[in-house]
Amino acid sequence: QRRRVQIMIGLIRPFKILLLDEITTSLDVCVRQDLLRWLIHETETRNVTIIYATHIFDGVEEWPTHLFYLTGNGVCGWQGSLEENDYYQQLKRENHPAKMLAVAENWLRTEMNEKRRVHIHEEALGELAHAM
């Protein structure tokens, strides 16, 4: 209840741009979906921008218009509209049930595999230097 009140107090004031960071993590499913529907309504009727940072992708399949992927190094891994994301469009054509989750997982696994590759390479260089 307390979290719901905090959210509603924060949303009472009119806004043009709203930054929401992990706002739905402690909400139950129904309250979360109601909040997301209200936010969609706000963007459509008041022409406002909502930036929603999350790692929970349940129920947001058609919600965003644009995505921004921030890598673990703090740089942009990808940004653009959903229409510009080839992998998302492929998943949409295939009627994938969790497109947003799959896109995020693909980005994160690619980043994780690259870190592993670099780590293995650095270990090999370290062993080579130690052998000399």
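Throughout, residue positions are numbered sequentially from 1 according to the sequence presented. We use all heavy atoms of the structure for the numbers below, so side chains are in, but hydrogens, waters and symmetry mates are not.
Contact of the Leu36 side chain with the Asp34 side chain is not registered, since no non-hydrogen atoms from C-beta on lie closer than 4.5 Å. No side-chain heavy atom of Arg116 sits under 4.5 Å from any side-chain heavy atom of His119. Using a 4.5 Å heavy-atom cutoff, the side chains of Phe15 and Ile50 are in contact. You'll find the side chain of Tyr88 reaches within 4.5 Å of the side chain of Met100, heavy atoms only. Within the 4.5 Å cutoff, side-chain heavy atoms of Tyr69 are placed close to those of Leu108. Residues Ile51 and Asp21 have side chains not in contact (no heavy-atom distance under 4.5 Å, counting atoms from C-beta outward). Considering only heavy atoms from C-beta on, Leu19 stays 4.5 Å or farther from Tyr52 through its side chain.
Heavy-atom minimum distance, Thr54 versus Ile56: OG1-N, 2.9 Å. Across all non-hydrogen atoms, the minimal contact from Glu83 to Gln89 is CA-NE2, 3.4 Å. The two residues Asn73 and Glu111 have their closest heavy-atom pair at N-OE2, 4.1 Å.
Contacts of Ala102 classified as side-chain contact (heavy atoms from CB on, under 4.5 Å), with partners at least two apart in sequence or in another chain: Tyr87, Leu91, His96. Partners of Glu114 under the side-chain contact (heavy atoms from CB on, under 4.5 Å) rule, at least two apart in sequence or in another chain, are Arg117, Val118.
Of the possible donor and acceptor atoms, none in the side chain of Gln79 sits under 3.5 Å from a partner among the backbone N and O of Leu67. Listed for the Glu42 side chain is no donor-acceptor partner under 3.5 Å among the backbone atoms of Val48. In this structure, Glu44 contributes its side chain and His41 its backbone to no donor-acceptor pair below 3.5 Å. Put simply, the side chain of Thr43 never gets that close to the backbone of Asn47: no donor and acceptor are under 3.5 Å apart.
Rounding to the nearest 0.5 angstrom, the gap separating the CD atom in Glu105 from the OG1 atom in Thr110 is 9.5 Å. Atom CD1 of residue Ile40 and atom OG1 of residue Thr45 lie 11.5 Å apart, to the nearest 0.5 angstrom. With rounding to the nearest 0.5 Å, the separation of CZ in Arg32 from CZ in Arg37 is 11.0 Å.
Few gaps surround CG on Asn113; more than 12 heavy atoms of other groups in view lie less than 6.0 Å from it. For Arg109, the CZ atom counts as loosely surrounded, since its 6.0 Å shell holds 12 or fewer non-hydrogen atoms of other residues, nucleotides or ligands.
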Assess whether side-chain contact (heavy atoms from CB on, under 4.5 Å) is satisfied between Leu35 and Thr24, documenting all intermediate values. CA-CA 8 Å; Leu35 175 61; Thr24 61; 4.0 Å; yes
Start with the C-alpha gap between Val103 and Asn85, add the side-chain angles, then the distance that decides, and say whether side-chain contact (heavy atoms from CB on, under 4.5 Å) holds. CA-CA 9 Å; Val103 168; Asn85 188 291; 4.2 Å; yes
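A single hydrophobic cluster is seen to contain both Trp38 and Trp63, as judged by linkage of ILVMFWY side chains at heavy-atom distances under 4.5 Å, directly or through other members. Grouping the Ile, Leu, Val, Met, Phe, Trp and Tyr side chains by contacts below 4.5 angstrom, directly or via other members, places Trp78 with Leu82. Taken together through direct or relayed side-chain contacts under 4.5 Å among Ile, Leu, Val, Met, Phe, Trp and Tyr, Val31 and Leu39 form part of one hydrophobic cluster.
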